[in-house]
Structures are given as C-alpha cells and as structure tokens.
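Here, residue 1 is the first one in the sequence, and each next residue gets the next number.
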Amino acid sequence: MTHSWGYSKENGPDRWHESYPSARGNNQSPIAILTKNVHSDPILLPWFTGYDPGASKTIKNTGKTCRIAFDDTYDRAVLRAGPLDGIYRLRQIHIHWGSTDDKGSEHVVDLTRHAGEIHLVHWNSKYSNYNDAVRKRDGVAVVALFMKIGKTPKPELKRILEEIDAIKTKGKEVPFSNFDPSILFPQNRAYFTYFGSFTTPPCEECVTWIILKEPIIVSSDQMLKFRSLSSNTAEQPFCPLVDNWRPLQPLNNRMVRTQCE
Ligand SMILES: CCCCNCc1ccc(S(N)(=O)=O)cc1
Ligand SMILES: [Zn+2]
C-alpha cells in the first residue's frame with residue numbers, strides 16, 4: 001500500500017494488515033459484546049481517575065480523528081484500579097463517529113452500535129515511555145465512552161465543539177488548556193473489560209479495554225459538528241472526516257468481564 005492507511009476502499013481496514021501485520025492478530029479490537037456471555041468477576045474493582053486539568057495541551061485534527069493531547073511526562077493525569085495493576089498516565093483522548101447517527105461507535109453491545117465512541121488512552125507508568133509501553137501486553141489502557149443520540153446536547157462537549165472551526169483541516173492544531181476529561185463521564189462507572197488492541201494501525205495488542213456500560217447522551221447537532229471536519233489538508237479538496245471506525249474483529253477465545261452487581 002503506497003499511501004498511508006485510512007478508512008476508504010483503497011487504504012481501509014481490510015488492507016491494513018499489508019503494512020501492519022498485527023492487524024491480523026488473535027486479540028484485535030473492536031469486538032461485539034454480548035451481555036449474556038459476559039463473565040461477572042468478583043475480583044474486579046471500581047476504577048478511578050485523577051486528572052489535573054492543567055495537563056491538557058492541544059486539540060488537533062489528525063486527518064483521522066479529533067485528538068486532545070495531554071502532558072504525560074509525570075503522573076499528572078492518571079487512571080488506576082478497575083482491572084488494572086499500577087498507574088496509567090493519560091496521553092490523549094480522541095473520538096470515532098459516523099456519517100449518520102445510526103453508526104460511528106467501534107464496540108457494539110447486544111447488537112447496538114452507537115453514534116460515536118470517545119477513547120481516553122493511558123499507558124502504564126512502570127514503562128519508561130509510551131512507545132515502550134505499546135510493545136507490552138499490560139502497556140496501555142483505554143477507557144471508552146459511547147455517544148448516544150438524545151434530544152439534549154451534552155454541555156461538557158461544548159468546549160471541544162467550540163474548537164472544531166479552528167481545526168477544520170488535517171494537521172491543524174490549537175492550544176486546549178484547563179480541560180479535565182472526567183467531566184465527560186456518565187454518572188454510572190460500571191464497565192466491561194477485555195484484552196485487545198489499538199483499533200487503528202499499528203493495531204498493537206497492548207490494550208486493556210475499559211468500556212463504560214452507560215452511554216453519554218449527545219445531540220444530533222453536536223455530531224454534525226464533528227462531521228464538519230475535513231480529512232484533507234487546507235490545500236486539498238474538502239473531504240468529510242466521517243466513519244473513522246473499524247469493523248468488528250473476532251473475539252476468538254477471549255473473555256469479556258464485568259464487576260458483580
Ligand atoms: C507505536 C505508535 C502507537 C500509536 N497509538 C495511537 C493509537 C492510540 C489509541 C488507539 S484506539 N482507537 O485503539 O484508542 C489507536 C491508535
Ligand atoms: Zn480510538
């Protein structure tokens with residue numbers, strides 16, 4: 001594949017394995033979660049975050065998503081407990097969404113695909129840096145929030161949406177300070193967890209997924225704002241950045257776990 005990976009016919013998920021062999025691994029993400037097959041595990045604890053809002057740095061249109069970067073040079077914005085051992089540092093958050101409200105999430109629960117999915121990407125601070133952590137099975141933890149369409153907009157998304165016009169095209173990046181992403185969380189912290197991979201190349205199998213059961217409610221207009229981003233640079237023709245989600249991958253012999261009620 002000459003040009004970089006993407007989501008179109010010629011560079012999309014079915015061809016990623018040509019440049020990124022991990023994409024054909026046995027522990028790939030996303031997956032379908034069938035709640036009847038989920039195992040209740042009494043040893044699973046609640047998860048906790050402590051995010052210093054001063055750790056947020058910039059918001060960028062990467063051409064593939066809208067990404068907010070955080071200072072991960074020390075334990076400043078962290079995730080702990082739940083299925084995890086140790087402390088995981090928040091590195092970035094980004095979002096996947098559809099071209100219409102009926103799709104956009106990566107994980108699917110009991111045949112329900114939501115309009116979008118927010119990923120909070122953390123790495124195990126026992127490793128010296130992120131690039132080292134992505135080569136370890138316990139290197140990365142991603143908290144996933146589903147975005148479900150409702151009548152009322154999610155007020156906590158407003159600050160992100162206000163920056164969209166400043167990052168319309170690929171490569172544009174602007175400061176984004178004083179943001180604590182835990183304001184995006186739903187009220188209920190119940191989660192599913194399983195071992196998987198990055199859902200985009202290089203598709204490394206280094207991710208402990210923590211998928212919140214309760215979706216956050218966003219409005220259709222809020223989703224329209226994300227769809228107004230272009231996957232091309234300012235010099236290229238406008239190309240709507242939409243449907244940046246990977247199709248479902250085989251569960252193979254993995255277990256999805258949840259806490260006991
Ligand atoms: C060695 C370079 C690894 C880059 N890592 C980017 C990255 C982070 C998170 C996700 S996701 N969508 O699984 O949360 C995909 C890709
Ligand atoms: Zn993601």
Side-chain angles (χ1 to χ4, degrees), residues 1-23 28-30 56-70 91-108 113-121 142 144-149 153-154 157-177 179 184 197-204 218-249:
M1 196 164 33
T2 51
H3 41 285
S4 74
W5 66 270
Y7 294 93
S8 65
K9 200 87 203 82
E10 55 280 351
N11 66 1
D14 294 343
R15 297 194 59 184
W16 289 351
H17 69 94
E18 293 170 24
S19 302
Y20 305 98
S22 299
Q28 290 292 290
S29 296
S56 71
K57 293 192 304 187
T58 62
I59 185 168
K60 179 178 185 177
N61 176 340
T62 67
K64 309 278 190 355
T65 185
C66 164
R67 185 179 68 200
I68 301 170
F70 292 81
R91 179 174 179 86
Q92 52 112 322
I93 73 174
H94 64 271
I95 309 171
H96 303 264
W97 61 89
S99 46
T100 51
D101 286 349
D102 59 327
K103 55 187 182 290
S105 71
E106 298 209 291
H107 292 87
V108 171
R113 185 178 290 281
H114 286 296
E117 190 168 324
I118 302 173
H119 289 158
L120 292 86
V121 183
V142 180
L145 316 179
F146 291 120
M147 299 160 92
K148 178 182 179 173
I149 303 296
K154 176 100 176 157
L157 270 181
K158 281 197 175 120
R159 260 205 69 194
I160 295 174
L161 294 169
E162 283 163 358
E163 296 304 328
I164 294 294
D165 289 344
I167 57 166
K168 272 287 179 231
T169 51
K170 178 180 178 182
K172 294 211 71 174
E173 184 169 21
V174 295
F176 195 77
S177 58
F179 181 69
L184 299 172
S197 73
F198 289 132
T199 64
T200 70
C203 297
E204 265 101 351
V218 305
S219 69
S220 208
D221 283 351
Q222 289 185 312
M223 296 314 295
L224 282 173
K225 199 72 191 166
F226 289 115
R227 300 189 193 115
S228 74
L229 290 169
S230 177
S231 58
N232 280 339
T233 64
E235 292 71 37
Q236 297 169 315
F238 184 88
C239 179
L241 207 186
V242 294
D243 290 323
N244 55 352
W245 49 277
R246 187 187 194 185
L248 295 172
Q249 302 299 308

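When atom types are taken as modelled, the side chain of Ser56 and the backbone of Phe70 share no donor-acceptor pair closer than 3.5 angstrom. In this structure, the side chain of Glu106 does not engage the main chain of Gly104 through any donor-acceptor pair within 3.5 Å.
Checked against salt bridge (Lys or Arg N to Asp or Glu O under 4.0 Å), Lys57 has no partners two or more places apart in sequence or in another chain. Among residues two or more places apart in sequence or in another chain, the salt bridge (Lys or Arg N to Asp or Glu O under 4.0 Å) test is passed with Arg159 by none. Asp102 pairs by the side chain to side chain contact (heavy atoms under 4.5 Å, CB included) definition with Thr100, not counting sequence neighbours. A search for ring pair (Phe, Tyr, Trp, His ring centres under 6.0 Å) contacts involving His114 returns Phe146, not counting sequence neighbours. Remark: Tyr7 engages Trp5, Trp16 in a ring pair (Phe, Tyr, Trp, His ring centres under 6.0 Å) (not counting sequence neighbours).
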Take Cys66 and Lys225 through the side chain to side chain contact (heavy atoms under 4.5 Å, CB included) test and state the conclusion after the steps. CA-CA 11 Å; Cys66 164; Lys225 199 72 191 166; over 6 Å; no

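The distance from atom CG of Leu120 to atom CD1 of Ile93, rounded to the nearest 0.5 Å, is 5.0 Å. Taking CD1 from Ile59 and CD from Glu173, the interatomic distance works out to 9.5 Å, rounded to the nearest 0.5 Å. Rounding to the nearest 0.5 Å places OG of Ser230 at 9.5 Å from NZ of Lys168. Here Thr199 contributes atom OG1 and Gln28 contributes atom CD; the two are 9.5 Å apart, rounded to the nearest 0.5 Å. Put simply, CG on Asp14 and NZ on Lys9 are 5.5 Å apart, with the number rounded to the nearest 0.5 Å. If you take NE2 on His94 and CD on Glu117, they are separated by 8.5 Å, rounding to the nearest 0.5 Å.
Residues Lys64 and Ser231 have side chains not in contact (no heavy-atom distance under 4.5 Å, counting atoms from C-beta outward). Inter-residue side-chain proximity for Ile95 and Met147 is flagged as met; some heavy-atom pair is nearer than 4.5 Å. Residues Val218 and Ile149 have side chains in contact (heavy-atom distance under 4.5 Å, counting atoms from C-beta outward). Side-chain contact check for Phe226 versus Leu161: some heavy-atom pair is nearer than 4.5 Å.
Pairing each heavy atom of His96 with each of Asn244, the nearest pair is ND1-O, 2.7 Å. Nearest heavy-atom pair, Ile167 versus Leu229, reported as atom, atom and distance to 0.1 Å: O-CD2, 3.2 Å. Of all the heavy atoms in Lys170 and Thr233, the pair that sits closest is CB-N, 3.8 Å. Ser228 and Ile164 make their closest contact through OG-CG2, 3.6 Å (heavy atoms, listed as atom of the first residue, atom of the second, distance). Closest approach of Thr169 to Asn61, counting heavy atoms only: C-ND2, 3.3 Å. Nearest heavy atoms, Pro202 versus Ser22: O-CB, 3.4 Å.
For the salt bridge (Lys or Arg N to Asp or Glu O under 4.0 Å) condition, no pair includes a residue of residues 235-246, sequence neighbours left out.
Look at Asp101 and Arg227 and you find a salt bridge, because one of the NZ, NE, NH1 or NH2 atoms lies within 4.0 Å of a carboxylate O, short of that distance.
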